[in-house]
Amino acid sequence: MSKNKEIAEIFERMADILEFLGDNPYRISTYRRVANILSELNVDVEDLVKSGKIHHIPGIGASSVEKILEYLRTGKISKYEELKGKVPEDLLELMNVPSIGPKTLKLAYERLGIRTKDDFIRAVRSGMLATLPGFGEKKLQNIMRGIELWEKSKERMTLIEAFEIGQEYLSYMKRLGDIIERIELAGSLRRRKETVGDIDMLVSAMHENWSKIHEHFVSFPDVKDVLLKGETKSSVVLKNARQVDLRTVEPHQWGAALQYFTGSKEHNIRVRDIAKMKGLKVSEYGVFRADTDQWIGGKSEEEVYALIGMQTPPPEIRENAGEIELALEGKLPKLLSLEDVKGDFHIHTNWSDGIGSLEQMVETAYHMGHRYVVIGDHSLSSKVAKGLDMERYKQQWKEIDRLRKRYEPLGFYILKGCEVDILPDGSLDLPDEFLAEFDFVVASIHTRFSQDNTYRILKAIENPYVNLIGHPTGKSYGTREGYPLDMDRVIQLAKETGTALELNTFRADLSPENVRKCMQKGVFIAIVTDAHAPAHLRYIELGVGLARRGWAMPELVLNTKDVEGIREFVYKKRKLLAAT
DNA sequence: GCCGTTTTCGGCCCGACTGTTTTCAGTCG
């Protein structure tokens, strides 16, 4: 775990404890804000300390800097050690349960002597909790339901899962037809965060239709439980334990609401703060004059931001990580967009472990609007993935040649590629003379995930025929951290050799932090779906979003090149390494 | 705990729903 995340977690825990103790709420939200800033930061906190920049991050004041320095020096924060002694830590875990907050826990702790999570659950079941003032039957039911829900869905969804659920729900909602003026998925899904807690849906419609819309929303066939249902706000839990929220607003409030429900929370707090300094008030219903409460705009997001005097930051970078300052100065960079993407670099067919035929994959990519695709089936040593030997690759090339006759006249190119295994000693699973015959080579690690793999990756990068390092950090979506890796050295060597690093949509590897490093160092990234079925190809849209979270610029994304550009990229590396 | 285009003190984003409550607290996003 990076130091950023470690320290962020401690600040989050301290906030929990302080909340339980009933401390100053503003101090608590400050701690949470520091935690959030640290975990969203695209830079190592250690680097910030070295450069002294740590003292100039808005939201992190002297007292927090002190704690951060202490942690880096000693591995501990004494304030946290002290706070830990004041509460039963096990019990605080329940703070994440829906319907349970600090007040409930504290009451149970003080009045019933409850010390552990299990104590608490027993107290609910035995009816002991019902003896407390203000705890009626309904409330207890909600708490019970909250505990069940929490146990089932401790993990956040992957972006892909959230996207799938969201799309299905959207098309269900659209059956209502014209009474819905606009509808969109907001929240962390719209910001393309690699994991999503719950799905936020926003609808604009005339007020008289709202109740009908909410009725329809809670009647979605996969709904298991309705958590709340009102005129403006409803919330359901699906059979798969995922939560979906709906908000309705008037058509003229659309932009303000979308801005608000897209978040992030940190971004919004900052925006409202700035609005306030300018004598304005921003809510999900619009932008208002602070003195008279007069509505002055909010039809579109652009209008909201313009009224506050800033550019509209793309949703993916709304994390209060520097985008607000740039937007105020009118200096937001132009980020990569889906329209810039011309191809995909790493897709599988049923020649190895994909479930689509070569032809199906190509056909789908063509109809999506791609101009080219790199076929990247596994090499032999990936036995579970039915890896190909040289003979079978040659057979596959014959089929590619046949398909080329059909697609090249349409301006669509099929590049012969492979995903060659990087072996334990860093050598590759196919000989150089053979690799030289591919149009494009992806090299990836599929074994020994627990060791430091820096030397293997560096050695693969040095190979003149390797153009892209597949899923470089070995991370598994949102949860597993990947193997230890000296990313700075990898990026440096990638830069020197003209090798690209892969942003793998299926695994959410590279992280935004690493994308940003690549951008700063001038290293190319390639966004790939790693598609194993035709339907996976459309996830390229999510890959673009993940790249945008790392402030990816079109100039350094391989997918923006046309097929000649790709051939040139390959040729340049071969020439460079042959010369040295 | 943080911060400053009225401020180094005194504010801190803003609103919805539920439940148990005769006017609001707790929780959530």
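Reminder, nothing fancy here: chain letters follow the sequence lines and each chain counts from 1.
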(request) Carefully, step by step, assess Leu72(A) and Ile7(A) under the rule side-chain contact (heavy atoms from CB on, under 4.5 Å). (result) CA-CA 9 Å; Leu72(A) 293 177; Ile7(A) 302 173; 4.3 Å; yes
(request) Would you please test Lys50(A) and Asp47(A) for side-chain contact (heavy atoms from CB on, under 4.5 Å) and show each step? (result) CA-CA 5 Å; Lys50(A) 272 180 220 148; Asp47(A) 293 342; 3.8 Å; yes
(request) Check step by step if side chain to side chain donor-acceptor pair (under 3.5 Å) holds for His214(A) and Glu231(A). (result) CA-CA 7 Å; His214(A) 282 272; Glu231(A) 261 241 302; over 6 Å; no
(request) Apply ring-ring contact (aromatic ring centres under 6.0 Å, His included) to His471(A) and Phe506(A), showing your working. (result) CA-CA 9 Å; His471(A) 41 82; Phe506(A) 250 116; over 10 Å; no
(message) Determine whether Asp509(A) and Asn504(A) satisfy the following criterion, side chain to side chain donor-acceptor pair (under 3.5 Å), listing intermediate values before the conclusion.
(response) CA-CA 5 Å; Asp509(A) 178 11; Asn504(A) 186 302; over 6 Å; no
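Atom CZ of Arg289(A) has 12 or fewer neighbouring heavy atoms from other residues, nucleotides or ligands inside a 6.0 Å radius. Around the NZ atom of Lys334(A), the shell of radius 6.0 Å holds more than 12 heavy atoms that belong to other residues, nucleotides or ligands.
Scanning residues 63-75 of chain A for heavy-atom distances under 4.0 Å to DNA chain B yields Ser63(A), Ser64(A), Lys67(A). Against DNA chain B, the stretch residues 10-33 of chain A makes heavy-atom approaches under 4.0 Å through Asn24(A), Tyr26(A), Arg27(A), Thr30(A), Tyr31(A), Arg33(A).
Rounded to whole Å, the distance from CE on Met277(A) to P on dG4(B) is 8 Å. As rounded to whole Å, 11 Å separates atom P of dC17(B) from atom CG of Leu246(A). dC2(B) atom P lies 19 Å from atom NZ of Lys276(A), rounded to whole Å. Between the CH2 atom of Trp295(A) and the P atom of dG15(B) there is a distance of 16 Å, given to the nearest Å. What separates CD1 of Ile308(A) from C1' of dC14(B) is a distance of 14 Å, to the nearest Å. In this structure, His214(A) atom NE2 and dA16(B) atom P are separated by 12 Å, rounded to whole Å. Taking atom NZ of Lys278(A) as the reference point, atom P of dT5(B) lies 12 Å away to the nearest angstrom. For Leu228(A) and dG15(B), the CG to P distance is 19 Å, given to the nearest whole Å.
Annotation: Phe120(A) is not in aromatic contact with Tyr109(A) [ring centroid separation under 6.0 Å not met].
On the C1' atoms, dC9(B) is 39 Å away from dT20(B), given to the nearest whole Å. To the nearest whole angstrom, the two C1' atoms, one in dC28(B) and one in dC13(B), are 14 Å apart. Taking atom C1' in both dG1(B) and dT5(B), the straight-line distance is 23 Å, to the nearest Å. Going from the C1' atom of dG26(B) to that of dG11(B) covers 24 Å, rounded to whole Å. Separation of the P atoms belonging to dC17(B) and dC12(B) is 24 Å when rounded to the nearest angstrom. Between dG10(B) and dG15(B), the two P atoms lie 25 Å apart (nearest whole Å).
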(message) Base contacts versus sugar-phosphate-only contacts with protein, heavy atoms under 4.0 Å: please encode nucleotides 21-29 of chain B as B, S and - from 5' to 3'.
(response) -----SSSB
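Looking at heavy-atom distances under 4.0 Å, Val34(A) makes no contact with the nucleic acid at all. Counting any heavy atom pair closer than 4.0 Å across all strands shown, Gly59(A) reaches sugar-phosphate atoms only and no base atom.
A salt bridge is absent between Asp90(A) and Arg115(A): the closest approach of a Lys/Arg side-chain nitrogen to an acidic carboxylate oxygen does not fall below 4.0 angstrom. We find that Glu319(A) and Lys193(A) are not joined by a salt bridge, their nearest charged nitrogen and carboxylate oxygen being 4.0 Å or further apart.
Map Gly230(A) and Asn268(A) each onto its nearest nucleotide of DNA chain B; the residue landing nearer the 5' end is Asn268(A). Toward the 5' end of DNA chain B, the nearer of the two residues Asp273(A) and Ala62(A), judged by each one's closest nucleotide, is Ala62(A).
Annotation: side chain of Leu280(A) is not in contact with side chain of Arg272(A) (no heavy-atom distance under 4.5 Å).
In this pair, Phe217(A) and Tyr169(A) present their aromatic rings parallel. The plane angle is below 30°, not in the 30 to 60° band. Ring pair His252(A)/Trp295(A) is perpendicular by interplanar angle, where above 60° counts as perpendicular and below 30° as parallel.
The partner of dT8(B) cannot be assigned: no Watson-Crick or G-U wobble pair with both contacts below 3.5 Å exists in any strand.
Neither OP1 nor OP2 of dC13(B) sits under 4.0 Å from any side-chain N or O of Tyr285(A).
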